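Everything numeric in this text was worked out from a predicted model, so none of it was measured. In what follows, chains are A, B, ... by sequence order, proteins preceding strands, each numbered from 1.
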2 protein chains.
Amino acid sequence: MAPATDPEPPVGRSVGRSVGRPVVRSGEDEVDRIVAAWRRERPDLDVEPLTVLSRVTRLARHLDLARRASFARHGLEAWEFDVLSALRRDGAPYQLSPGALLTQTLVTSGTMTNRIDRLAQRGLVRRQKSPADRRGVLVQLTDEGRARVDAAMSDLLDVESNLLAGLDESGRARLADLLRDVVAPLDAS
Amino acid sequence: MAPATDPEPPVGRSVGRSVGRPVVRSGEDEVDRIVAAWRRERPDLDVEPLTVLSRVTRLARHLDLARRASFARHGLEAWEFDVLSALRRDGAPYQLSPGALLTQTLVTSGTMTNRIDRLAQRGLVRRQKSPADRRGVLVQLTDEGRARVDAAMSDLLDVESNLLAGLDESGRARLADLLRDVVAPLDAS
DNA sequence: CGAGATTACCTCGACGTCGAGATACCGCCG
DNA sequence: CGGCGGTATCTCGACGTCGAGGTAATCTCG
């Protein structure tokens, strides 16, 4: 992950924004300070990409913390939610192969085997033999697992909504659109 | 981290964007599919926050991969760069206490001790006793460490610039501003 | 039909991180 | 000066992930 930070007291260097927003001006953030430090130390570099991507990294970190806290209220770890939610949103009968879960959660196969083991042990999923392929396994959500993930999902959306409190409806929509423009080409490749 | 995904073939459900961009329309992305799945399975929930935050998570993941690849070209691991870059951007004499590095990299103290050990072993940093406080330690970049991190930083900025290729200058600026509005209150707290 | 390539999943050792606790030291107050 | 809470850093065992390799079943063609 990208450097995070919280160094020196807000010494507030001038920063310069390419596009001015005339009215409200939210305060300088950590990334402004990091970018200013790099400009001072490496004036030869164009550090503009950091203004976007370091914020993405920091936001992802905040989100991660908020997610953990939210899931903990429902007795779930973040990795458990990742697996259960993939099963849940696939719809009834809430079953997917380990392979499908791999691609959805972006972990390696060894990790997924381990996760399924532990989830099965906790009674949140069930391992079943694939009827079509004797190599295959199907992982199915139990009623308990579904109840947990449904509760956790509601809670998560509340938490996420709070994280976005700094933006109004239109800001969120614009942000989503801009992010899609960035992410779509990457997902495609 | 939030669910990632790559499930079913692009069955392209209708999605509906709150704010239309009239001209160019980049394709549907993975998050559009995840959101559509949740709308189908949990029509009782307002999943709008996912349109922003799941993209943030996915973008952070892509960024992480790109960073790793970039650093590897300079013989660095991502965690090594995180430490070295904090030292580098602080400016000469490129030294910080382990405690300062902790807050900047957001890892725990045990982890930082371990990182410093390994970086020192590789000759990229030096451990020195703090002159003022006998409990204290100062971690200083070696010439070798500085050379590495400088090279890696140039490369990283190129890579990041490419990740943002989907956006023009004004899009990047708008994105940075919107992200600041979200992140600033979180950093503050 | 059958050998080789491919696919699905699991095994297992190495590694980095966490986090509670230990240690050494600082600085304030009486 | 002596005690005590606070601070800076390190120690160490538990844990989750990676990823290369293994086993078993399926598929592809000749």
Peer 1: Can you find a side-chain donor-acceptor pair between B:Arg146 and B:Gln140 that sits under 3.5 Å?
Peer 2: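 No, no side-chain donor-acceptor contact under 3.5 Å.
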
Peer 1: Output the distance between atom CE (B:Met153) and atom CG (B:Leu76), rounded to the nearest 0.5 Å.
Peer 2: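 If we round to the nearest 0.5 Å, B:Met153:CE and B:Leu76:CG are 13.0 Å apart.
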
Peer 1: Among A:Thr51, A:Val52, A:Thr57, A:Leu59, which residue satisfies the side chain to side chain contact (heavy atoms under 4.5 Å, CB included) criterion with A:Arg55?
Peer 2: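 Exactly one candidate clears the test, A:Thr51.
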
Peer 1: Assess whether side chain to side chain contact (heavy atoms under 4.5 Å, CB included) is satisfied between A:Ile116 and A:Leu119, documenting all intermediate values.
Peer 2: CA-CA 5 Å; A:Ile116 296 168; A:Leu119 284 169; 5.7 Å; no

Peer 1: Determine yes or no for a side-chain-to-main-chain donor-acceptor pair under 3.5 angstrom, with A:Thr111 supplying the side chain and A:Val107 the backbone.
Peer 2: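 No.
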
Peer 1: Nearest 0.5 Å please: distance from the CG atom of A:Asp155 over to the CZ atom of A:Phe71.
Peer 2: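 Answer for the CG-CZ pair, A:Asp155 versus A:Phe71, is 8.5 Å.
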
Peer 1: Decide yes or no for A:Phe81 and A:Ser70: does some side-chain heavy atom of the first lie under 4.5 Å from some side-chain heavy atom of the second?
Peer 2: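 Side-chain contact under 4.5 Å: no.
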
Peer 1: Give the rounded distance in Å between these two atoms: CG of A:Leu102 and C1' of C:dT7.
Peer 2: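 In whole Å, C:dT7 C1' lies 12 Å from A:Leu102 CG.
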
Peer 1: If I take atom CG in residue B:Asp133 and atom C1' in nucleotide C:dC26, what distance separates them, rounded to the nearest angstrom?
Peer 2: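 To the nearest whole Å, that distance equals 6 Å.
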
Peer 1: Mind listing the residues from residues 111-126 of chain A sitting with a heavy atom below 4.0 Å of DNA chain D? Number order is fine.
Peer 2: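 Nucleic-acid contacts, sorted: A:Thr111, A:Asn114, A:Arg115, A:Arg118.
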
Peer 1: Pick the closest DNA chain C nucleotide for A:Ser109 and for B:Gly110 by heavy atoms, then say which residue is nearer the 5' end.
Peer 2: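 Counting from the 5' end, the first nearest nucleotide belongs to A:Ser109.
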
Peer 1: Please report, rounded to the nearest Å, how far the P atom of C:dA22 is from the CZ atom of B:Arg135.
Peer 2: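 To the nearest whole Å, that distance equals 19 Å.
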
Peer 1: With a 4.0 angstrom cut-off to heavy atoms of chain A, pull out the first and last contacting nucleotide of DNA chain D, in 5'-to-3' order.
Peer 2: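 So the contact region on DNA chain D extends D:dG16 to D:dT26.
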
Peer 1: If you assign each of A:Arg134 and A:Thr108 to its closest nucleotide in DNA chain D, which residue comes earlier from the 5' end?
Peer 2: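 So the residue in question is A:Thr108.
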
Peer 1: Using a 4.0 Å heavy-atom cut-off across all strands, classify A:Gly99 as base, sugar-phosphate, or nothing.
Peer 2: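 Here A:Gly99 touches the backbone only, sparing every base.
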
Peer 1: How would you label the contact of A:Ser97 with the nucleic acid (heavy atoms, under 4.0 Å): base, sugar-phosphate, or nothing?
Peer 2: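 Answer is sugar-phosphate: A:Ser97 comes under 4.0 Å of backbone atoms only.
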
Peer 1: Can you tell me how far the CZ atom of A:Arg67 sits from the CD atom of A:Glu77, to the nearest 0.5 Å?
Peer 2: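 Output value for this atom pair is 12.0 Å.
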
